[in-house]
Amino acid sequence: MTEKLLEIKDLSVIYKTDEETVYAVNDLNLTLNKGETLGLVGETGAGKTTTALSIMRLLPDRTGRITRGCITLGDLDITRASEADMRLIRGNGISMVFQDPMTSLNPILTVGEQIAEVLQLHRLDMSPEQKEKRVDEILEMVGLPADRKHEYPHQFSGGMKQRVVIAIALACEPQLILADEPTTALDVTIQAQILKLMKELKQRLNTAMLFITHDLGVVAQICDRVAIMYAGEIIEIGTTDNIFEGKKHHPYTVGLFGSIPDMTKATRRLNPIEGLMPDPTAPLGGCKFHPRCPQCMEICKTAKPLNIIDGTHAIGCHLFAGGAGHDARINLESTGGAE
Amino acid sequence: MTEQQRKKTAYKKKSQLMSIWHRFKKNKLALFGLVVFAIMLFIAIFADFIVDYERDAISQHMTKRFMSPSAEHIFGTDGFGRDMFARIIFGARISIFVGVVTIALALAVGAVIGASAGYYGGYIDETLMRIMDVFLAIPQMILAIAIVAALGTGMVNILIALTVAQVPKFARIVRASILTVKTQDFIEAAKACGTSDSRIIARHIIPNAIGPIVVQATLNVATTILVIAALSFVGLGIQPPTPEWGSMMADAKSQMRYHEYLIIIPGLFIAFTVMALNLMGDGLRDALDPRLKN
């Protein structure tokens with residue numbers, strides 16, 4: 001039985017500076033069920049991290065602002081919660097795994113102290129001995145020997161540091177983990193280890209996870225559902241099967257898959273998506289992808305596409321509006337491989 | 001309890017300070033600096049037990065003028081028959097006292113200014129730092145001379161002059177340290193764990209920023225001692241007959257060619273103290289950084 005854990009409704013976030021206003025996230029809708037892993041995929045600047053920071057309410061003070069929409073975790077409206085409430089939620093209800101383990105640990109505290117700190121903040125009823133025990137437990141759980149808790153971050157390798165970061169995130173057994181490209185800074189073999197670990201732990205603790213990445217290979221390994229994000233919007237969302245195996249796709253998704261080198265096909269060069277993401281300071285009318293879309297129609301330039309829902313799969317594209325739809329297969333031919 | 005477990009607990013008991021000391025003492029030069037400075041500090045504090053201030057350092061004995069170093073007066077006597085050893089000892093008291101107090105005051109004031117500027121940013125930062133820039137634009141020595149000239153000579157005025165001259169340096173350093181630490185990912189990570197602002201400052205920002213500040217403070221005690229000596233040498237610092245290394249050198253400069261020890265000995269003491277503090281500062285810098293451990 002699936003139970004809703006996190007719901008994001010019509011979320012819009014802007015970054016406002018003296019010179020310009022950046023529309024980072026535009027009317028984003030998302031739900032995440034208990035124990036589920038949702039992959040949030042998109043290019044740099046698509047608004048993935050902004051979405052995660054909004055959930056934590058950690059947008060930069062001066063510039064970042066949620067202008068519209070609400071985020072609910074269980075019964076709590078995060079957009080309206082007090083700062084004190086948010087502090088109780090951070091690390092306890094929701095925790096975050098950052099991209100770069102090299103810099104996300106305090107260099108002058110031992111890793112044990114850093115894991116214990118989360119417990120000190122959120123497990124006030126625990127005695128110091130219990131906390132010590134919990135630190136040992138959690139270190140063993142992420143595959144590190146407990147007696148290394150007296151060592152400093154610089155004495156660990158990158159992969160081990162990421163294990164420590166994960167240990168900190170899991171210390172209070174949160175309901176939701178926001179993993180912001182947790183494997184991007186690691187090399188491939190360590191990546192695989194960390195992904196395996198996260199998957200195991202998630203299942204063991206029944207934690208939901210929002211997994212932010214731009215690596216489709218990683219998504220296939222770990223996610224139950226996938227959301228493709230483009231220019232602050234989710235343009236396609238579905239189960240991993242829908243996205244990887246389905247017949248119908250948003251042209252951007254097709255482009256994304258086309259940008260991955262294929263081992264089985266003889267191709268002289270990769271097929272990147274032409275052009276750049278639209279300028280986030282000047283919001284674009286109609287479909288955000290239309291200037292780059294190989295299948296752009298007149299309507300795309302003026303009207304914002306609605307989500308076309310087909311079971312577990314939703315696509316925001318005019319191509320499929322008629323119901324019949326074009327058959328946008330994931331293959332190179334359809335993305336301009338006509339050279 | 002097994003042997004291994006016991007070892008583990010012993011390891012844990014070793015505090016942060018102990019591990020800093022452990023790293024510090026590996027640096028032999030820094031240890032030498034610490035020993036020299038400790039000796040200076042010791043004689044400065046216990047000067048009264050070693051020699052009598054009035055009799056040896058202040059009263060003039062015209063029959064004993066310009067006596068070369070001997071068993072009775074190991075550093076000889078000056079042009080007024082005063083024992084150089086006694087004057088050096090009491091001079092250490094002045095130099096070290098003024099040096100340390102100046103830096104402590106400058107650090108306190110500079111830290112408040114620098115921390116507010118670094119933490120709050122924006123207009124507060126701009127205003128405070130531009131004022132500091134005005135002070136930084138004036139050479140320390142000239143600023144000190146100007147303040148002493150305006151307020152008059154005397155211990156308190158010298159303290160004020162030297163402190164004012166040092167504050168901008170500390171404000172800059174504290175601000176820079178806080179800025180570099182503030183933007184680091186682990187601060188964001190700490191926020192994401194639900195850590196409060198005050199706890200972030202106390203537990204994550206200050207301990208990470210303190211290293212360079214402590215080092216700078218140690219090194220600046222040395223420069224301050226030089227500035228006091230220089231001020232006294234030009235007659236704006238500590239006034240005779242109070243013994244002070246710089247003024248002792250100034251007194252001796254007319255006899256330099258006949259009684260060279262009068263100028264060499266206080267000079268050596270200044271040089272040694274400054275060197276000791278610099279060595280200590282360098283050692284501290286390495287010891288405070290756990291990344292340079294092992």
Side-chain angles (χ1 to χ4, degrees), chain A residues 52-53 55-58 60-62 83-110 112-115 117-122 132 136 146-155 164-165 168-169 171-172 174 177-178 180 185, chain B residues 2-20 23 119-125 177 180-212 214 287-294:
Chain A
L53 289 178
I55 297 171
M56 287 298 248
R57 266 248 318 264
L58 280 177
D61 284 342
R62 264 168 232 287
E83 188 56 32
D85 284 343
M86 279 318 295
R87 275 210 295 277
L88 290 179
I89 298 218
R90 292 179 198 137
N92 194 17
I94 314 174
S95 57
M96 197 152 174
V97 176
F98 286 88
Q99 178 172 355
D100 191 353
M102 312 295 165
T103 57
S104 51
L105 292 171
N106 187 337
I108 61 163
L109 293 178
T110 64
E113 283 170 330
Q114 299 193 49
I115 299 171
E117 184 162 355
V118 201
L119 296 171
Q120 271 163 30
L121 289 166
H122 299 295
E132 278 300 308
D136 292 354
D147 52 357
R148 292 202 65 179
K149 68 180 170 182
H150 302 294
E151 293 179 21
Y152 290 90
H154 70 272
Q155 289 163 303
V164 174
V165 173
I168 294 173
C172 289
I177 293 178
L178 307 175
D180 188 0
Chain B
T2 67
E3 185 55 37
Q4 205 189 355
Q5 273 173 323
R6 212 169 297 134
K7 226 157 87 193
K8 256 191 247 173
T9 24
Y11 189 14
K12 200 201 138 203
K13 292 274 153 63
K14 203 167 100 180
S15 69
Q16 190 80 26
L17 270 178
M18 279 306 290
S19 64
I20 289 172
R23 272 171 274 153
Y119 197 73
Y120 296 109
Y123 289 117
I124 300 174
D125 184 21
S177 318
T180 44
V181 177
K182 198 178 82 169
T183 53
Q184 288 194 4
D185 285 355
F186 64 84
I187 299 295
E188 187 81 2
K191 277 187 199 157
C193 289
T195 318
S196 63
D197 276 357
S198 53
R199 200 183 161 97
I200 286 179
I201 295 174
R203 201 167 152 84
H204 296 284
I205 294 186
I206 290 180
N208 271 293
I210 200 95
V214 168
L288 284 172
D289 191 345
R291 276 156 294 193
L292 299 174
K293 219 173 161 184
N294 306 321

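Chain letters run A, B, ... following the sequence lines, proteins first and then strands; every chain starts at 1. Side chains are part of it too, since the values below use all heavy atoms of this structure and drop only hydrogens, waters and symmetry mates.
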Requested in this report: Could you pull out the closest heavy-atom pair between B/A189 and A/F98, with the gap in Å?
Outcome: CA-CE1, 3.4 Å
**Report entry** Which of A/V118, A/V97, A/L105 touches chain B most, by non-hydrogen pairs under 4.5 Å
**Finding:** A/L105
Report summary line: By side-chain hydrogen bond (donor to acceptor under 3.5 Å, both in side chains), B/R203 pairs with (sequence neighbours left out) A/E117
Report task. Using a cut-off of under 4.5 Å on heavy-atom pairs, state which of A/R87, A/M102, A/E83, A/Q114 scores highest against chain B. Result -> A/R87
Query - Side-chain heavy atoms of B/R199 within contact of A/Q120, under 4.5 Å - result: yes
Query raised in the report: Side chain, backbone, both or neither: which part of A/I94 has a non-hydrogen atom closer than 4.5 Å to chain B?
Result: backbone
**Report entry** Shortest non-hydrogen separation from B/C193 to A/L121 and the atoms involved
**Finding:** O-CD1, 3.8 Å
Report summary line: One should read off an interatomic distance between B/E188 CD and A/M96 CE, to the nearest 0.5 angstrom, of 7.0 Å
Report task. Name all residues meeting the side-chain hydrogen bond (donor to acceptor under 3.5 Å, both in side chains) criterion together with A/T103; count only those two or more places apart in sequence or in a different chain, and write none if there are none. Result -> B/D185
Query raised in the report: If you count heavy-atom pairs under 4.5 Å with chain A, which of B/A192, B/A190, B/P207, B/G121 comes out on top?
Result: B/A192
Query raised in the report: How many angstroms lie between atom CG of A/L109 and atom CZ of B/F186, to the nearest 0.5 angstrom?
Result: 8.5 Å
Query raised in the report: At a heavy-atom separation under 4.5 Å, does A/L53 approach chain B through its side chain, its backbone, both, or neither?
Result: side chain
